[in-house]
Structures are given as C-alpha cells and as structure tokens.
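A quick write-up on the structure given underneath.
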Amino acid sequence: MSPSRRSEQGPGQPGVLGGEQVEGHHAVAELLRCGRRRIREVWLGAGARGPAVDEIERLAARSGARVVRKADPILANAAATSAPQGVIAWASPVRAVALDAVLSKADPFLVCLDGVTDPGNFGSVLRSALCAGVDGVVIGRHRSAALTPAAVKAAAGAVEHLPIAAVGGIPSALQTISRAGTWVIGMDGDGPEDLWSSRALDGSVALVMGAEGQGLSPLVRRRCDALVRIPQTSALGSMNVAAAAAVACFEVARRRREGAGAAR
C-alpha cells in the first residue's frame, strides 16, 4: 500500500487543497528543499539514476525523510501521472490561506482563476505566477482544478512557495479585492484594451484568467475594472490559459520592475 492511502487528511476538508502525492524531479526536490510540509516517504525507482536523483537523495537525507527503492513496475503502478521520472513522494497536504492574507502585501500582485479545471493548466499557471513574482493565487472552492499529482508536477515546486486562497466564489472575492484598492483586470481575447499599452496593469493588480474554452463568466466579467487582450498575429482564436497567464504575469512583472527602478 502506498503512503497516499494512509493520508491523514483529504482534499475535501476545509482549508485543504490536496497535493499529498508529489511526482517528478523538480516537484519532489522543491518539496524536500522547502521543508514546509511533513514528508512521509520518498520512493525512488530501482532504475532511477543521475544527478537529479542524487540531489533528491541528498535533500532527503538532510531533511530526515525516509527513502525507499522500489521496483520500477511498482513505482509506475503507484504513479498518478504518465511520467513520474522514477520518483514519488507523499507529504501532508497543501493548505489554503485566507484571502486577507494575500491582500496584506503592499501593492499586491494577484492571479485569480475563474473556473480553470484542467490540472496541467492549473499547475502551469502556478509555476509562471511564482516565477513572475505573484504574491498569491485565488481559486474557487468548487469550480477549480484540485492540486492533483498532475497539477503539482506541472507546478514544478511552486505549490511549496505560492500562497493559494480558496474562496466560496470568485465574483465576491473580486469585490473584496477591488474594495481593498487593487485593480481587477480580466484577461479576455476580445477585451478593448491592449496588454502592451493598457495602463490598468500598473500598480496593485489582480489578473483574472477565465476557464478553458468559455473564458470569463458573465458575472466575473462585470466585476472587472478593465478587460485586456493579448495581441495576436495568428489566425488561431485564442491562447491556452496557461500560456496567456504567463504572458500577462511577466508583462506586469516587467512594469513593476521598471516602476521600482524609476522610483530610485
């Protein structure tokens, strides 16, 4: 029986987002390196070798995590992703933070996900958000992908660092964010403002990304202070939500760096 069967808490409990099963070199190494979650066990495939695996073994030894070598077919059978890279770890779950916590930063930079349900996209957004300097991600409790092993692997360690607030509804959360003085900017392929020229992305900002396919819901769209599009030269209708989030996050990050430089 894999350690995931002995999980102390399930993702259905209040404040628990999931993420107990962690697969892949980057995600497991960051889990061990960060040390914020209790690690039950790390499995390495019998054939798993190389610098990345050596680093995981060093980090596990330093953290006191138990490492077990398993036959490759046994590890593959326990895996929940198609490419665990010969390593699986089991840890205590990731816990959500309060919305007030992600709004407490000076000039917060947030990403809000309106019904993003694909785990791979969810994880990729988390990874890009962390790399761009986002202070926190806001998701709905009932209309969002969970932190499944696929999402955690795609996040490549971002779940260990990036605060995630789970709210009862994204529209009401956007009202709270707006009242706190943060601009709520919906990313929309038909938005009237251009990402490169819009001044709405300067200062404190919450980027709102819509669901795969349908985009922003009508109520969320109405709660946004501005709707901004990413200019495209292709005949394709729209960008993947994870790619769009990366482009928008790094544009905000660029402006914030320029603003900080000008203020010196």
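Since the model is a prediction, treat every value here as computed from it, not as a measurement. Residue numbers run from 1 in the order of the sequence given.
- If you chain together hydrophobic residues whose side chains sit under 4.5 Å apart, Val22 and Leu59 fall into the same group.
- In this structure, Leu195 CG and Gln232 CD are separated by 11.0 Å, a value rounded to the nearest 0.5 Å.
- Side-chain contact between Ile88 and Val28 is absent, with no heavy-atom pair separated by less than 4.5 Å.
- Within a 6.0 Å sphere centred on CZ of Arg36, heavy atoms belonging to other residues, nucleotides or ligands number 12 at most.
- Cluster partners of Leu219 are absent, since no Ile, Leu, Val, Met, Phe, Trp or Tyr has side-chain heavy atoms less than 4.5 Å from it.
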Carefully, step by step, assess Val252 and Arg255 under the rule side-chain contact (heavy atoms from CB on, under 4.5 Å). CA-CA 5 Å; Val252 173; Arg255 296 188 190 202; 5.8 Å; no

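- Here the closest heavy-atom approach between residue Ala242 and residue Asn121 is recorded as CB-OD1, 3.7 Å.
- You'll find the side chain of Glu57 reaches within 4.5 Å of the side chain of Leu44, heavy atoms only.
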Run the numbers on Leu32 and Ile39 for side-chain contact (heavy atoms from CB on, under 4.5 Å), then give the verdict. CA-CA 8 Å; Leu32 292 163; Ile39 301 164; 3.3 Å; yes

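- Under the 4.5 Å side-chain contact rule for hydrophobic residues, Val205 and Leu216 do not share a cluster.
- Smallest separation of non-hydrogen atoms from Ser144 and Gly140: CB-O, 3.2 Å.
- Using a 4.5 Å heavy-atom threshold, the side chains of Asp225 and Val184 count as touching.
- Between Val125 and Val116, every side-chain heavy-atom pair lies at or beyond the 4.5 Å cut-off.
- Between Leu75 and Gly86 the shortest heavy-atom distance is CD1-O, 3.7 Å.
- Using a 4.5 Å heavy-atom threshold, the side chains of Arg229 and Asp188 count as separate.
- The shortest side-chain heavy-atom distance between Val42 and Val68 does not fall under the 4.5 Å cut-off.
- For the residue pair Trp90 and Gln21, a side-chain donor N or O sits within less than 3.5 Å of a side-chain acceptor on the partner.
- Without hydrogens or angle criteria, Arg223 side chain to Pro171 main chain gives a donor-acceptor distance under 3.5 Å.
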Would Arg58 and Asp54 count as a side-chain contact (heavy atoms from CB on, under 4.5 Å) if you check the C-alpha gap in whole Å, the side-chain angles of each, and the deciding distance to 0.1 Å? CA-CA 6 Å; Arg58 284 194 295 271; Asp54 293 343; 3.8 Å; yes

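- Minimum heavy-atom separation, Ala200 to Ile185: CB-CD1, 3.6 Å.
- Val138 and Val220 fall within a single hydrophobic cluster, where Ile, Leu, Val, Met, Phe, Trp and Tyr side chains are chained together by heavy-atom contacts under 4.5 Å.
- Ser124 places a side-chain N or O within donor-acceptor distance of the main-chain N or O of Gly120, the cut-off being under 3.5 Å.
- Using a distance-only test at 3.5 Å, with no hydrogens or angles considered, no donor-acceptor pair links the side chain of Glu41 to the main chain of Ala89.
- Linking ILVMFWY side-chain heavy atoms closer than 4.5 Å, directly or via other members, places Leu207 and Val102 in two distinct hydrophobic clusters.
- Distance check, rounded to the nearest 0.5 Å: CG of Leu227 to CD of Glu193 gives 8.5 Å.
- Using a 4.5 Å heavy-atom threshold, the side chains of Leu126 and Val152 count as separate.
- For the pair Phe122 and Ala146, the tightest heavy-atom approach, listed with the atom from each and the gap, is CD2-O, 3.7 Å.
- Taken to the nearest 0.5 Å, the OG1 atom of Thr81 stands 3.5 Å off from the CD atom of Glu23.
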Could you list the donor-acceptor pairs under 3.5 angstrom formed by side chains in residues 103-114, with sequence neighbours left out?
residue	atom	partner	partner atom	Å
Ser104	OG	Ala101	O	2.7
Asp114	OD1	Arg143	NH1	3.3
Asp114	OD2	Ser217	N	2.9
Asp114	OD2	Ser217	OG	3.2

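- Hydrophobic clustering (side-chain heavy atoms under 4.5 Å, transitive across Ile, Leu, Val, Met, Phe, Trp, Tyr) keeps Leu99 apart from Val134.
- Under 4.0 Å is where a charged nitrogen must lie from a carboxylate oxygen, and between Arg40 and Glu20 no such pair does.
- Between the side chain of His25 and the backbone N or O of Val53, no donor-acceptor pair lies under 3.5 Å.
- When all heavy atoms of Arg127 and Ala154 are compared, the pair lying nearest together is CD-O, 3.7 Å.
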Let me have the donor-acceptor pairs involving side chains of residues 155-167, under 3.5 Å, with sequence neighbours excluded, atom names and distances please.
residue	atom	partner	partner atom	Å
Glu160	OE1	Arg37	NE	3.1
Glu160	OE2	Arg37	NH2	2.8
His161	NE2	Glu30	OE2	2.8

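- With rounding to the nearest 0.5 angstrom, the CH2 atom of Trp183 is 8.0 Å from the OG atom of Ser178.
- Listed for the Ser92 side chain is a donor-acceptor partner under 3.5 Å among the backbone atoms of Arg38.
- A distance-only check finds a donor-acceptor pair linking the side chain of Arg69 to the backbone of Gly45 [under 3.5 Å].
- Atom CG of Leu174 sits about 12.5 Å away from atom CZ of Arg222, to the nearest 0.5 Å.
- A distance of 11.5 Å separates NE2 in His26 from CD in Glu55, rounded to the nearest 0.5 Å.
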